[in-house]
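A short write-up of the structure that comes next.
Hydrogens, waters and symmetry mates play no part in the numbers below; they use all other heavy atoms, side chains included.
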Amino acid sequence: MKKKLFLRLCLMMSAILALSSCIHDEVYSSSDPSSTEYTNKTLWKQDEKYIKNVMAVYLENEKEIRKSNGVPFWDYATTINRFDESFLMVPVVENKRVVSVLQVPRKGNNIHFHYSRVGEQISFFQGLIFAKHKKEVFSENDSTARSIICTTQIFAVWLPDDESNPDPESGAGTWGTQSIVVCRELLEDCVGIIDEFGQCSGGGGDPPGFPYPGEGAEPPKLPNPKDPCAKMKAQATNTKYTNKITYLEGKVYDSEEFGFRVGNHNDAGYEEVFPTSKSSQINFEILNNTFGYMHTHYEGLIPMFSPGDINTFIKLLKNAQNNGIPLSMVFMTLVNPDGTIYQLRGDNIDIANLSVYPTNIIENIVNNTYKNDYEMGKANQSPEYYQTQFLKFMRDLMPINGAKLYSVDGDGKAKEIYLQGNNRKTSDCPK
């Protein structure tokens, strides 16, 4: 069973934080978690109207919705600092263990129920419900959080050095942080449990979802997109571009990245860029008139766009908007040792809903999720494997609505690679 749903990026934050707020010393309450009465037991203010409305819909339709063992602990539901009746996450508990997380996005007049089993989410709620000593944590400076789309909730759990004296007021120990970060909302062709491999195994609520109690409005419809294939066809006949591809193909067996910045920088339009002296990878600088980036991955790197590459693509798009460059010109090309050539493009992207991710989040958090949770770190896999896993990752965690992935063969013929549900599909560009 397939339907559209929202999937939010939820990751552990690794940053320098200032600990503040009062310590919560209460032990998890044994009150009936299935009660129809809602009491906010989290550390933060919540959109209680949305939680209560969603809870009412769930209780009325539980037989159809429920696809996981355990009981939703509604008192610990969080709307992640959102108060527009749009999204919540609620832990599902069995035998005092969080076994999954029920995510409920709203689209227009309907809400959709979706189970996920992401390790960071489960750890977050496990600590939130069952840790004896905990306190909210605030960032010293939240301007970084506002510079990106992400909304963050963080709390600290007391980790005593000696279990015989677990009180933070008298015993030794440290505060360990748990966090949940919501960065984007995205429609996806699955309702149900998403396992650790990103596979959908069913869920509750046939399209178009369950009616939401109250008024709602459908999001505005975007105009029909332009045809990126036409742009790629023109590239295939541009000798300046194809010569650069040939050059990069000869560099994929070096021990560092090579690349070109593309724009109106000089008569040729292509400017070679190099790794920094302390790295084998390019620290790509975008100029006001930059609209493209071509680069290699050498042996040992994953033969697909990295999270850092996606972040650079976002920067290119925002740079284009800020400098009057048509979005149809923006692209990123990757040349790999396994012979694959990929390109990211998108002409009808909503720039207002895109933000650049902080470098420390990419390096310390997102890269690990990319390599481990989405298994992009597996060596010697087929191009089809990397394409599928990359599209799932980008869809789930770093979505760019309107962006498309293309592969290009030795003759310059391109085809779009996309997901239908969780299945990889291709569509050849017209000749």
>> Set out, in order, the CA-CA distance, both residues' side-chain angles and the distance that settles side chain to side chain contact (heavy atoms under 4.5 Å, CB included) for Phe390 and Ile310, then state yes or no.
In response: CA-CA 11 Å; Phe390 169 78; Ile310 300 173; 3.7 Å; yes
Taking the side chain as C-beta and beyond, is there a heavy-atom pair between [X] and [Y] under 4.5 Å?
X: Glu48; Y: Asn40; answer: yes
X: Thr333; Y: His295; answer: no
X: Tyr241; Y: Val262; answer: no
X: Tyr270; Y: Lys240; answer: yes
X: Phe130; Y: Val93; answer: yes

>> So, using side-chain hydrogen bond (donor to acceptor under 3.5 Å, both in side chains) as the criterion, who are the partners of Tyr370 when residues are at least two apart?
In response: none
Test item: side-chain donor near acceptor, [X] and [Y], under 3.5 Å:
X: Thr312; Y: Tyr293; value: no
X: Asn243; Y: Thr246; value: no
X: Gln343; Y: Gln235; value: yes

> Are Tyr50 and Tyr212 an aromatic pair by the rule of ring centers under 6.0 Å?
Replying inline: yes
[X] (side chain) donor-acceptor with [Y] (main chain) under 3.5 angstrom:
X: Asp338; Y: Thr340; value: yes
X: Gln46; Y: Thr79; value: yes
X: Arg261; Y: Thr290; value: no
X: His297; Y: Glu257; value: no
X: Asn311; Y: Val356; value: no
X: Glu416; Y: Ser427; value: no
X: Thr296; Y: Phe258; value: yes

>> Evaluate Tyr247 against Phe260 for ring pair (Phe, Tyr, Trp, His ring centres under 6.0 Å), listing each step before the verdict.
In response: CA-CA 10 Å; Tyr247 174 84; Phe260 292 92; 5.6 Å; yes
> How long is the span from the CG atom in Leu128 to the CG atom in Leu43, to the nearest 0.5 Å?
Replying inline: 5.5 Å
> Atom OG1 of Thr426 and atom CG of Leu405: how far apart are they, to the nearest 0.5 Å?
Replying inline: 11.5 Å
>> With ring pair (Phe, Tyr, Trp, His ring centres under 6.0 Å) as the criterion, how do Tyr58 and Phe210 come out once you've worked through the C-alpha distance, each side chain's angles and the decisive distance to 0.1 Å?
In response: CA-CA 9 Å; Tyr58 176 88; Phe210 294 92; 9.4 Å; no
